[in-house]
Amino acid sequence: MKKKQMATVISQEKLIDGVYSMWIKTDGIAREAHAGQFISIYTKDKSRLLPRPISLCQIDKKEDRLRIVYRVAGAGTKEFSNYQAGESIAILGPLGNGYTIDPSKPVVLVAGGIGVPPIVEAAKTAKECGAKITIVLGYRDQNTFLLEELKEYGKVVVATDDGSLGVHGTVIDAMEENKIQEGVIYACGPTPMLKGLQAYAEKYRMESYLSLEERMACGIGACLACVVNSTEVDHHSYVKNKRICTDGPVFSGREIEF
Amino acid sequence: MKKKQMATVISQEKLIDGVYSMWIKTDGIAREAHAGQFISIYTKDKSRLLPRPISLCQIDKKEDRLRIVYRVAGAGTKEFSNYQAGESIAILGPLGNGYTIDPSKPVVLVAGGIGVPPIVEAAKTAKECGAKITIVLGYRDQNTFLLEELKEYGKVVVATDDGSLGVHGTVIDAMEENKIQEGVIYACGPTPMLKGLQAYAEKYRMESYLSLEERMACGIGACLACVVNSTEVDHHSYVKNKRICTDGPVFSGREIEF
Amino acid sequence: MNTSVKIAGVTLKNPIMVASGTFGSGAEYSEFVDLNRLGAVVTKGVANVPWPGNPTPRITEVYGGMLNAIGLQNPGIDVFIQRDLENLKNYETKVMVNVCGHSIPEYVEVVERLADTNADLLEINISCPNVTKGGITFGTVPSVAEEVTREVKKVAKQPVIMKLSPNVTSIAEMAKAVEAGGADGVSLINTLTGMQIDIDRRKFALANKTGGMSGPAVKPIAVRMVYEAAHAVKIPVIGMGGISTGRDAIEFMMAGATAVSIGTANFINPYATVEAVEEIEVFMKEHGIEDINEIIGCVE
Amino acid sequence: MNTSVKIAGVTLKNPIMVASGTFGSGAEYSEFVDLNRLGAVVTKGVANVPWPGNPTPRITEVYGGMLNAIGLQNPGIDVFIQRDLENLKNYETKVMVNVCGHSIPEYVEVVERLADTNADLLEINISCPNVTKGGITFGTVPSVAEEVTREVKKVAKQPVIMKLSPNVTSIAEMAKAVEAGGADGVSLINTLTGMQIDIDRRKFALANKTGGMSGPAVKPIAVRMVYEAAHAVKIPVIGMGGISTGRDAIEFMMAGATAVSIGTANFINPYATVEAVEEIEVFMKEHGIEDINEIIGCVE
Ligand SMILES: Cc1cc2nc3c(=O)[nH]c(=O)nc-3n(C[C@H](O)[C@H](O)[C@H](O)COP(=O)(O)OP(=O)(O)OC[C@H]3O[C@@H](n4cnc5c(N)ncnc54)[C@H](O)[C@@H]3O)c2cc1C
Ligand SMILES: Cc1cc2nc3c(=O)[nH]c(=O)nc-3n(C[C@H](O)[C@H](O)[C@H](O)COP(=O)(O)OP(=O)(O)OC[C@H]3O[C@@H](n4cnc5c(N)ncnc54)[C@H](O)[C@@H]3O)c2cc1C
Ligand SMILES: Cc1cc2nc3c(=O)[nH]c(=O)nc-3n(C[C@H](O)[C@H](O)[C@H](O)COP(=O)(O)O)c2cc1C
Ligand SMILES: Cc1cc2nc3c(=O)[nH]c(=O)nc-3n(C[C@H](O)[C@H](O)[C@H](O)COP(=O)(O)O)c2cc1C
Ligand code: FES
Ligand code: FES
């Protein structure tokens with residue numbers, strides 16, 4: 001069940017410039033969460049009132065802890081980056097549908113930039129199911145994060161915008177180069193990347209599951225802020241507008257019209 | 001010169017329920033301040049933007065430190081009461097005219113409730129000038145604060161609303177009872193008390209200097225929020241509206257029409 | 001202690017309602033709050049047919065609130081009656097249905113379809129773009145607002161609450177106009193039109209350029225308008241705009257509101273509504289208020 | 001890099017001015033900021049004779065801003081010219097004098113008296129209570145606003161900027177009306193009328209019941225209105241309402257303002273104006289903007 005609750009920061013770590021990793025202790029939210037879901041975090045600065053949606057990077061059900069990895073994009077995430085262990089924060093979650101991993105087919109995890117974090121928990125889940133895992137990661141340059149951790153879960157292919165590491169180009173370029181043409185794509189990253197993957201999946205007749213982003217207010221499907229055009233009518237308004245916060249954030253590539 | 005600057009909380013202490021004492025280290029403000037002046041303190045909670053005016057209770061010029069004593073009246077002062085040593089706070093000051101003690105006449109310091117704090121520095125100043133000092137303090141009940149400290153500076157007479165300590169009644173009752181009819185009154189406290197003192201001073205042909213309060217925005221005389229009706233035209237608008245933040249907060253009893 | 005209030009003959013167990021569009025049709029928030037605790041559930045604006053709404057980004061954050069340009073996305077009256085109103089039959093709370101339209105016939109059609117449903121009250125949102133008048137809203141011209149009211153009243157089986165836009169020179173004139181048209185009550189304020197520009201990208205923050213401002217930042221304007229409307233008309237006023245707590249609700253009631261709606265605050269705290277109900281009870285106890293109706297318009 | 005802008009033939013060294021009533025006549029803030037750094041100093045509203053203003057409390061705090069009901073206390077035009085304008089001669093900055101009145105003859109009298117002074121621009125505040133029209137403000141009826149403009153223009157020796165009230169249905173109509181009356185520019189927004197009630201004491205927070213809302217909370221409404229006004233008229237627009245920083249100022253300029261005023265932010269940070277001047281320069285460097293005039297109205 002979704003709830004708003006106070007959680008406690010366990011640890012905060014800077015991964016690279018502008019990207020932070022935080023573990024938080026929840027009161028049951030972690031126990032109910034799974035890969036691909038997100039929480040919304042409230043800021044303390046009262047000039048900003050809406051919570052910030054952040055994906056779950058790791059879920060430790062046993063200890064009821066969550067890990068998030070986030071980029072400082074504005075004042076809200078800047079505030080988060082200043083939290084110290086012991087700090088009490090308000091969160092809402094678990095939100096969204098998350099990834100449903102099909103272990104019977106090769107699992108292709110694809111992520112770009114700040115889309116990498118949710119792939120960690122997805123990889124862990126896939127590995128637990130015994131799936132065959134390939135991981136494709138796109139970064140701006142050689143300042144990567146979570147890369148070493150992800151290597152534990154399967155074969156990792158890297159692409160960088162500036163060519164300083166791995167394939168010079170996008171994750172799509174890397175996938176073409178490595179002939180990754182089988183299995184199911186589970187992806188998270190910027191919209192152009194997801195659009196590219198949708199086409200890639202169609203080209204090779206792969207299934208794809210893409211995690212989308214949009215500005216959110218309620219996070220629970222009530223306000224209709226966070227819609228994306230869908231190929232079929234949605235089950236809320238019957239107008240081909242799916243709600244990313246509840247129908248998603250993970251959608252089949254076939255559901256979405258970018 | 002007035003300035004806005006960051007200051008550092010040195011210590012915070014609860015005096016009685018709801019009344020706190022805080023020492024802060026300033027960057028020059030304390031050095032330029034004197035008794036009866038005030039500072040304005042900004043809250044960190046961004047829903048509240050205007051600073052809170054608080055009188056100076058003690059001034060340590062040598063160490064560039066100030067002491068304030070304040071009552072939790074609302075959300076702003078509640079926030080202040082949670083500050084810990086080391087906390088950085090924004091302050092504006094020194095503001096207002098303050099008391100000009102005439103050491104050649106008996107000094108009668110009168111304060112009620114949360115008007116007591118500025119009397120401490122006034123007493124110190126008067127003592128340094130070698131004045132004869134009588135202190136009259138009004139409290140709600142026996143839960144007094146700053147009383148012991150003030151006893152160092154002169155004879156102290158106490159009145160309480162419920163009679164649990166000293167004279168049962170107001171500071172005026174205490175003054176009548178103790179036949180305090182000579183010298184100059186320097187006072188701070190709630191408006192009804194100041195009004196009573198104005199009349200008292202007239203009755204016994206004493207001079208009086210009263211420290212007033214009003215809601216403030218700028219604190220420096222620009223916005224005209226904090227006016228009080230005066231007997232003579234003011235030198236800003238020539239309409240008998242003196243500005244408490246700059247023409248005051250201390251006024252001669254003869255200047256004011258309550 | 002009595003917390004119940006009456007709006008146009010309909011008794012609410014307490015004055016706390018939700019603001020249309022911020023609470024869906026109750027289903028989503030029922031995971032957080034017991035809908036039975038609310039005075040009424042007010043549903044998202046519904047039209048005669050499904051509306052797709054505006055392109056994204058549909059919302060952005062502003063100091064102390066937000067701008068929205070959802071564009072009244074809704075499934076249309078058919079699905080609404082079958083699914084949303086049906087679901088609300090499971091709760092012991094009143095239902096106010098918010099109605100939108102591009103033209104008077106569209107409003108009338110929706111109101112007619114609601115006649116034999118479990119809707120207790122109708123709230124007519126006249127801040128919708130008016131296609132017959134070139135996109136201006138029905139809610140900014142008194143004579144047009146009066147006309148909508150009159151036509152809706154002709155067919156309505158439930159009491160009609162007209163929801164007023166704050167983007168007007170005189171809210172008192174607007175309230176009087178809809179009262180003259182036969183309204184059974186007014187609710188206000190809808191959102192204030194605002195704009196935000198992303199200066200780094202040189203783009204509007206919202207795809208729609210402008211959006212409606214709501215949240216704590218608008219409260220002082222809303223309280224003033226509720227006060228003015230309550231002093232202009234005899235019909236009851238439902239107050240909203242920036243209410244987050246029970247104390248905020250009481251401020252609106254003292255200004256003249258008979259009931260209040262909590263909107264944007266639900267996004268900030270999904271428990272806001274029930275917490276407000278509790279806070280009102282605490283306030284009443286502390287101040288020895290026997291009947292909440294005592295405080296309505298008590299500050300003159 | 002050019003930061004200077006031109007308003008009705010008057011060149012400001014940069015677009016940062018102060019909002020009338022929040023900066024006195026500059027003297028008080030000169031202890032904090034070098035007035036020479038400002039595009040212009042805009043003085044507190046001045047009438048033909050001294051006005052005592054309203055009873056206290058005159059201000060109260062609201063979420064993200066404040067309400068004020070100072071009531072235009074001012075020393076009258078005589079003292080103002082002798083003392084305040086005289087003092088401003090010591091600075092190399094432009095001076096815009098804000099003028100208030102209860103009737104057209106009062107406005108005209110003040111404007112005539114300013115003819116041979118060092119005032120560079122006149123800003124006519126038409127949000128004052130209009131005694132001849134029973135207390136409504138001049139600034140909410142287009143025809144009345146146009147008339148004030150026309151009469152003032154007849155006698156004015158300096159360019160006339162009409163300061164518009166946001167408490168209207170259409171700011172575009174108001175801007176067009178004063179343009180038709182001959183205004184050389186418009187400035188907006190003045191404050192939004194708001195109200196606050198102290199529920200524990202069952203009293204209005206302000207002695208005047210209502211007050212004008214200002215501060216960061218009103219910014220989205222102000223940006224929208226500046227955009228609408230700039231698209232409605234050809235004369236320059238001076239934008240204000242919630243500006244605290246250089247980036248806020250740029251947002252208003254991108255919406256169509258040629259210059260901007262900083263008001264309530266001075267109370268929150270007395271250095272706000274000069275800091276904004278600096279921040280604008282930083283933004284221009286970062287974004288390779290050679291001339292600030294490039295960005296005026298650049299977001300369409
Ligand atoms: C389902 C979901 C999961 C997300 N997971 C992560 C994550 O794991 N790690 C991470 O770093 N970020 C994640 N984001 C993005 C994150 O929510 C935004 O970066 C954050 O809200 C920005 O807040 P701010 O106050 O720092 O910046 P703001 O000042 O609010 O905005 C800064 C910039 O971020 C953009 N932005 C603001 N809100 C959103 C939003 N809701 N979605 C997308 N962009 C936004 C704005 O367009 C603006 O350009 C996720 C977003 C969604 C919707
Ligand atoms: C010159 C001056 C010196 C002061 N010195 C002290 C002091 O030494 N110690 C102390 O405890 N208090 C002092 N005060 C009062 C103090 O400023 C207020 O209690 C404080 O601003 C309340 O802020 P808040 O956010 O806690 O409460 P709010 O929620 O803002 O208000 C709570 C209550 O306090 C009242 N209030 C708010 N602002 C003011 C104000 N500016 N002046 C008077 N009452 C106000 C309100 O009417 C309200 O009833 C002084 C005030 C002035 C003007
Ligand atoms: C996301 C969102 C959607 C809204 N949708 C509607 C709507 O469909 N119909 C309507 O009359 N008002 C709608 N409103 C306006 C609210 O009902 C309410 O009048 C306004 O938000 C002010 O209240 P608040 O500040 O408590 O949110 C909407 C507001 C928001 C924030
Ligand atoms: C205390 C105060 C006094 C004001 N006095 C005047 C005035 O005399 N004349 C005027 O035209 N506007 C006056 N205003 C309005 C401001 O000039 C400005 O239009 C408004 O406050 C919005 O800007 P801000 O949000 O930056 O403060 C006053 C505003 C405040 C807060
Ligand atoms: S954020 Fe409200 S519906 Fe998705
Ligand atoms: S607070 Fe602004 S003049 Fe006193």
Side-chain angles (χ1 to χ4, degrees), chain C residues 60 62-67 136-137 139-141 165-171 174 192-205 209-211 213 215-228 242 244 247-255 283 286-287 295 298-300, chain D residues 60 62-67 136-137 139-141 165-171 174 192-205 209-211 213 215-228 242 244 247-255 283 286-287 295 298-300:
Chain C
T60 190
V62 297
Y63 208 112
M66 61 184 282
L67 300 181
I136 71 127
T137 60
T140 54
V141 184
S165 163
N167 302 298
V168 295
T169 306
S170 169
I171 198 79
M174 295 304 305
L192 282 149
T193 308
M195 178 183 278
Q196 192 182 53
I197 292 173
D198 179 336
I199 63 171
D200 294 308
R201 298 198 182 83
R202 297 197 183 190
K203 275 173 58 174
F204 296 103
K209 290 190 185 180
T210 62
M213 184 165 159
V218 308
K219 198 182 70 166
I221 299 166
V223 171
R224 185 262 297 180
M225 290 194 167
V226 162
Y227 179 85
E228 288 178 355
S244 307
R247 288 179 64 88
D248 291 342
I250 288 164
E251 187 176 0
F252 277 74
M253 294 185 75
M254 289 190 173
F283 183 88
E286 275 175 13
H287 287 73
I295 69 164
C298 73
V299 177
E300 285 289 324
Chain D
T60 190
V62 298
Y63 208 113
M66 62 183 282
L67 300 180
I136 70 128
T137 60
T140 54
V141 184
S165 163
N167 302 297
V168 296
T169 306
S170 169
I171 199 79
M174 295 303 306
L192 282 149
T193 308
M195 178 183 278
Q196 192 182 53
I197 292 173
D198 179 334
I199 64 171
D200 294 309
R201 298 197 182 83
R202 297 197 182 192
K203 275 173 58 174
F204 296 103
K209 291 190 185 181
T210 62
M213 185 167 159
V218 308
K219 198 183 70 165
I221 300 166
V223 171
R224 185 263 296 180
M225 290 193 168
V226 163
Y227 178 85
E228 288 178 354
S244 306
R247 289 179 63 87
D248 292 342
I250 288 164
E251 187 177 359
F252 277 74
M253 295 186 75
M254 288 189 173
F283 183 88
E286 276 175 12
H287 287 73
I295 69 165
C298 73
V299 177
E300 285 289 323

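Predicted, not measured: the structure shown is a model, and the values here were computed from it. Per chain, numbering begins at 1; letters A, B, ... match sequence-line order. Reckoned from all heavy atoms, side chains included, excluding hydrogens, waters and symmetry mates.
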Can you list the steps and then say if C/Ile199 with D/Arg247 is a side chain to side chain contact (heavy atoms under 4.5 Å, CB included)? CA-CA 8 Å; C/Ile199 63 171; D/Arg247 289 179 63 87; 3.6 Å; yes
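Atom CZ of D/Arg224 sits about 14.0 Å away from atom NZ of C/Lys209, to the nearest 0.5 Å.
Contact annotation for D/Glu300: only backbone heavy atoms (N, CA, C, O) come within less than 4.5 Å of a heavy atom of chain C. For a residue to count as touching a neighbouring chain, one of its non-hydrogen atoms must lie under 4.5 Å from one of that chain's; by this rule D/Phe283 touches chain C with the side chain only. Both the backbone and the side chain of D/Met254 come within contact range of chain C, judged by heavy atoms closer than 4.5 Å.
The residue among C/Asp198, C/Ile295, C/Val168 with the most heavy atom pairs within less than 4.5 Å of chain D is C/Val168. In terms of heavy-atom pairs under 4.5 Å with chain D, the best-connected choice from C/Thr193, C/Leu192, C/Thr210, C/Val223 is C/Thr193. Most heavy-atom pairs under 4.5 Å with chain D: of the set C/Pro220, C/Gly194, C/Ser165, this distinction falls to C/Pro220. Chain C forms the most heavy-atom pairs under 4.5 Å with one residue out of D/Glu228, D/Met213, D/Met225, D/Lys219, and that residue is D/Met213. Listed options D/Asp200, D/Leu67, D/Asn167, D/Ile250 were ranked by heavy-atom pairs under 4.5 angstrom with chain C; first place goes to D/Asp200.
Closest heavy-atom contact between C/Glu251 and D/Ile197: OE2-N, 2.9 Å. C/Thr169 and D/Thr140 get closest at one heavy-atom pair: CG2-CB, 3.6 Å. Residue D/Pro216 comes nearest to C/Tyr63 through the heavy atom pair CB-CD1, 3.5 Å, listed as atom of the first residue, atom of the second, then distance.
Annotation: side chain of D/Val226 is not in contact with side chain of C/Met195 (no heavy-atom distance under 4.5 Å).
Here D/Phe204 pairs with C/Tyr227 under the ring pair (Phe, Tyr, Trp, His ring centres under 6.0 Å) rule; sequence neighbours left out.
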